[in-house]
There are 2 protein chains.
Amino acid sequence: MATIADVASYTGLSRATVSRVINDYPHVSKDKRELVHEAMKELGYFPNTSARNLRNRRTNLVAVLIPRLTNPFFTLILDGIEKVAEENGFQLIICQTKSSKKKELEFLNLLQTKQVDGVIFTSIENNWEEIQPYTAHGPIILCNEYHHDATVPMVRLNQVQGSYLGTKHLIERGHQRLAYCMGSTSGLSNDRRKGFFQAVHEAGLEVKSEWIFHDTYTMEDGVKTFNKILSLTERPTAIFTGGDEVAAAMVKEAKRNGLDVPGEMAILGFDDQPIASMIEPELTTIYQPGDEIGGRAMSIFMDCLKGKRDHVSKSVMELPLSLVIRKST
Amino acid sequence: MATIADVASYTGLSRATVSRVINDYPHVSKDKRELVHEAMKELGYFPNTSARNLRNRRTNLVAVLIPRLTNPFFTLILDGIEKVAEENGFQLIICQTKSSKKKELEFLNLLQTKQVDGVIFTSIENNWEEIQPYTAHGPIILCNEYHHDATVPMVRLNQVQGSYLGTKHLIERGHQRLAYCMGSTSGLSNDRRKGFFQAVHEAGLEVKSEWIFHDTYTMEDGVKTFNKILSLTERPTAIFTGGDEVAAAMVKEAKRNGLDVPGEMAILGFDDQPIASMIEPELTTIYQPGDEIGGRAMSIFMDCLKGKRDHVSKSVMELPLSLVIRKST
DNA sequence: ATGATGTTTGTAATCGATTTCATGAAATCG
DNA sequence: CGATTTCATGAAATCGATTACAAACATCAT
C-alpha cells in the first residue's frame with residue numbers, strides 16, 4: 001500500500017504538502033496540487049484511516065446500542081440516526097445488547113478505548129450510576145429513554161401523554177374494565193403506566209391487579225397473555241398493549257377464539273408499525289415517530305462533538321405521540 | 001487520558017513490558033504483571049484503539065452493505081452476521097445503500113482507506129466490473145447475492161429451487177394463469193424467474209407478458225400491482241410475489257375488493273417474515289433462512305482474514321429454501 | 001567452570017498520518 | 001524603496017500503541 005511518504009517522494013515534495021492537498025488546505029500552489037493529485041492516482045494512494053484517527057483523536061464513529069435488530073421500531077430509530085450521521089460523515093457501529101446489562105457495559109468499552117467518539121442509547125439496561133462514569137470519555141445520548149438522574153442530553157417521546165391518549169380513547173368507547181400489558185420496569189414503562197392510570201383515575205375507574213400483566217414483548221407473549229385474560233372470571237373488555245406485535249398477536253388469537261374485535265374485545269397497539277395497518281381489523285395504535293427521535297438524538301450528538309453543546313449536563317427534548325384510530329377499538 | 005507511556009513511567013517499567021501485559025504475552029514476571037495491572041487501574045488507562053489499529057494493520061471492523069434497515073429480511077441477515085461477528089470480536093458498520101449505485105461505491109471507500117477489514121454485500125447494485133478492483137484491499141463476501149463473474153466467496157439461497165417449489169405448488173393447486181412479480185433485474189431476481197418458468201414450462205403452461213410485473217418492492221407497489229391485475233381482461237388466478245410485504249398488501253387489497261383469497265385469487269409470498277403468519281389468511285410463502293446465510297457469510301469472512309481461505313477466488317455456498325404452506329394458496 | 005538454553009526486561013524503530021514552527025519568496029503598503 | 005504581510009514549502013515532532021533485537025540474568029547439563 002502506498003503511503004503519504006510514497007506520494008511525497010514520488011512528487012519530490014514533503015509529506016506536509018501532500019497532507020495539505022489531501023485535506024484541501026490553502027497555501028498550496030495550483031501546480032503542486034495537481035501534481036499531488038496525479039501522483040495519488042498513479043500510486044493508488046488512499047489515506048489510512050487509523051493513522052488519521054490516531055492523529056486527529058477522532059474516529060467519526062458512533063456506537064448505537066439497541067436491544068434487537070429484528071425489532072422494527074428500533075430499526076426505525078436506527079434509520080433516523082443513520083440519516084443524520086450520513087449528513088455529517090459519521091458511520092454507525094451496531095451494538096445489539098439483547099437486553100443484557102453485561103453486554104451493555106461491554107459496549108461502553110468502545111468509548112473508553114476511543115474506538116468510537118460517542119454512544120447513543122436507544123434503550124438502557126443498567127442503572128444510571130453504572131453508566132455515569134463513562135460520560136467522561138465522550139458524549140452519551142439517551143434516545144427514546146429517560147433517567148431522572150442522568151446528566152446527559154435525552155430525547156424522548158412523551159409516553160405519559162401517549163398512553164393517556166390511548167387509554168382515554170378506550171374509555172370514551174365505553175370500556176370500563178381495562179387490561180394493561182407492560183414490558184420491563186424501565187423509565188419508559190413507568191411513564192406509560194402513569195399516563196394509563198391518569199386516564200383511568202380521571203374517569204373514576206378501577207383496575208384490578210389481575211388485569212395487569214408484566215414482561216409482554218413478543219407475539220408469543222401476546223398469545224399467552226390473551227389466553228390468561230380470556231380465562232379471567234371478571235374479564236376486561238379492552239386491552240392496552242405495549243406494542244403492535246403483542247396487539248397483533250392478540251387480535252389474531254381473539255379471532256381464533258371466535259371473539260369479535262372490537263365488539264367483544266378492544267385491543268390497542270403501540271408504535272404504529274407497518275403490521276398495524278396490515279392485519280384485520282386494522283390496529284388502533286399510538287404512533288411513535290422513531291426516525292424523528294433518532295435523527296434528533298444524532299443532531300444533538302453532533303452538537304456535543306462540535307462543542308456547541310455541553311454533553312455532561314442534563315437536557316430533555318420531548319416529542320409528542322399521537323393516536324391513530326383504526327378498527328381494533 | 002493516560003497512555004501506555006504513563007503506565008510505564010508510573011511503574012518504572014518500559015512501554016514494551018506494559019504492552020506485553022496488556023496483550024497477555026508470556027515472559028513477564030508475576031509481580032511486574034500485577035504491578036502493571038494496578039497502575040492501569042490507578043491511572044484509568046485504556047489502550048487507544050486507533051493506535052493499535054495503526055500498528056496492527058487491523059480494525060476488527062466489517063462494513064455490511066444493506067439496501068434498507070427497515071426491511072425485516074435484511075435485518076434478519078444482519079442479525080446472523082452480528083452473532084458470528086461478536087464471537088470473533090468484530091464490530092459491524094452499517095451501510096445503507098438505499099439501492100443507490102453511487103452510495104455503494106462510496107462505502108467501498110471504507111475498504112480502501114482501511115477503515116474496515118472487509119465488506120459483506122447483502123445486495124449489490126453495481127456491475128461486478130465496478131466492484132472487482134476493490135477486492136485488492138480486503139475480503140469482499142457476497143451474501144444473498146450472486147454474480148457469475150465475481151471472483152469472491154458467495155453464500156446464497158437457492159432461489160431457482162425456491163421459486164420453482166412455490167410455482168409448482170400453485171400449479172398443483174390447479175392454477176393455470178399465473179402472474180409474476182419481480183423486483184430489480186439482479187442475479188437473484190433472474191434466478192427466481194428461472195425457477196418460476198421452469199415450473200411453468202414443465203406444466204406446459206403459458207404466461208402472457210402482461211402478467212409479468214417489474215419493480216414491485218413495497219406494500220404500496222403491492223396495492224398498485226394488484227389493481228393492475230384486477231383490471232386485466234384475462235385475469236390470472238394466482239400471483240407469485242417477490243416478498244411477503246407485497247403479498248400481504250395484495251391479500252388486504254383483495255379483501256377490500258371483496259375477492260376471496262385463495263378461492264378467487266391465490267397469493268404466494270416470499271421470505272416468511274413475521275407478518276406472513278399474522279395476516280388473515282396466513283400467507284403461503286417461501287422460507288428464507290436469512291440469519292443462517294448471514295452467519296455463514298461472516299464465518300467465511302473470518303476464514304479469509306485468518307488466511308484459511310483465499311478471498312479472491314470464486315466459491316459458492318448454496319442453501320436450500322423451503323415452502324411453507326399456509327392459507328393464501 | 002563452560003556453554004547452551006530460557007526468562008525477563010529494555011531500547012529504539014515502526015505503523016501513517018497531521019501540525020507546529022521556521023524559512024525564503026512574493027505581494028502589498030505607506 | 002524598505003517594511004510588513006501573506007504565501008508556499010519543508011523539517012521534525014507528535015498521536016499511542018507493537019515488536020524486532022539485544023542485553024542481562026538465571027538455570028541446567030556436561
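Below, all heavy atoms of this structure are taken into account, side chains as well, without hydrogens, waters or symmetry copies.
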**Message:** Quick check on DNA chain D: between B/Ser50 and B/Tyr25, whose nearest nucleotide comes earlier from the 5' end?
**Reply:** B/Ser50

**Request:** Using distance alone, with no hydrogens and no angle criterion, decide if B/Thr17 and B/Arg33 have a side-chain donor and acceptor under 3.5 Å apart.
**Result:** no

**Asked** Which part of the nucleic acid, if any, lies within contact of A/Ser19, taking any heavy atom under 4.0 Å across all strands shown: a base, the sugar-phosphate backbone alone, or nothing?
**Response** base

**Prompt:** Whole Å only: how far is the CE atom of B/Met40 from the C1' atom of D/dG16?
**Reply:** 15 Å

**Prompt:** Just checking A/Arg57: base, sugar-phosphate only, or nothing, at a heavy-atom cut-off of under 4.0 Å?
**Reply:** sugar-phosphate

**Request:** Could you tell me which nucleotide pairs with D/dC1 by Watson-Crick or G-U wobble geometry, both distances under 3.5 Å, or answer none if nothing does?
**Result:** C/dG30

**Request:** Just say parallel, tilted or perpendicular for the rings of B/Phe301 and B/Phe90, cut-offs at 30° and 60°.
**Result:** perpendicular

**Closest nucleotide among D/dT18, C/dG16, D/dG10 to the B/Ile22 side chain** = D/dT18

**Polar side-chain contact A/Arg20-D/dG10 base: donor and acceptor under 3.5 Å** = yes

**Asked** Taking CZ from B/Arg15 and P from D/dT19, how many angstroms apart are they, rounded to a whole number?
**Response** 14 Å

**Complete:** Checking N1-N3 plus N6-O4 or O6-N4 for Watson-Crick, or N1-O2 and O6-N3 for wobble, each under 3.5 Å, the partner of C/dG10 is D/dC21

**Complete:** Assign each of B/Lys30 and B/Arg55 the nucleotide of DNA chain C bearing its closest heavy atom; nearer the 5' end lies the nucleotide of B/Lys30

**Prompt:** Looking at D/dT9, D/dG10, C/dT9, which one has an atom nearest to any side-chain atom of A/Lys32?
**Reply:** D/dT9

**Euclidean distance, atom CE of residue A/Met1 to atom P of C/dA17 [Å, nearest integer]** = 11 Å

**Prompt:** Which pair of non-hydrogen atoms, one from B/Gln159 and one from B/Asn144, has the smallest distance, and what is that distance?
**Reply:** NE2-OD1, 3.9 Å

**Message:** I'd like to know whether NZ of A/Lys30 has more than 12 heavy-atom contacts from other residues, nucleotides or ligands below 6.0 angstrom.
**Reply:** no

**Asked** Charged N to carboxylate O under 4.0 angstrom, B/Glu318 versus B/Arg156?
**Response** yes

**C/dT7 phosphate, OP1 or OP2, under 4.0 Å from B/Ser29 side-chain N/O** = no

**Asked** What is the distance from CG of B/Asp31 to C1' of C/dT7, rounded to the nearest Å?
**Response** 13 Å

**Toward the 5' end of DNA chain D, by each residue's nearest nucleotide, B/Thr17 or B/Ala51** = B/Ala51

**Message:** I'd like to know whether NZ of B/Lys41 has more than 12 heavy-atom contacts from other residues, nucleotides or ligands below 6.0 angstrom.
**Reply:** no

**Prompt:** A/Ile4 or B/Leu13: which one's nearest nucleotide on DNA chain C is closer to the 5' end?
**Reply:** B/Leu13

**Asked** Think B/Arg52 has a side-chain N or O under 4.0 angstrom from the OP1 or OP2 of D/dG16?
**Response** no

**Item:** Value in whole Å for how far the C1' atom of C/dG16 lies from CG of B/Asn53
**Value:** 13 Å

**Asked** So what does A/Asn56 touch, heavy atoms closer than 4.0 Å: a base, only the sugar-phosphate, or nothing?
**Response** sugar-phosphate

**Prompt:** Separation of B/Arg58 atom CZ from D/dT18 atom C1', in whole Å?
**Reply:** 15 Å

**Request:** Grab the CG-P distance between A/Asp24 and C/dT18 for me, whole Å please.
**Result:** 12 Å

**Asked** Closest to the B/Ser14 side chain: D/dC7, C/dT11, D/dT18?
**Response** C/dT11

**Asked** For D/dT18, does OP1 or OP2 lie under 4.0 Å from any side-chain N or O of B/Asn23?
**Response** yes

**Request:** Return the value, rounded to whole Å, for the distance between atom NE2 of B/His27 and atom C1' of D/dA20.
**Result:** 14 Å

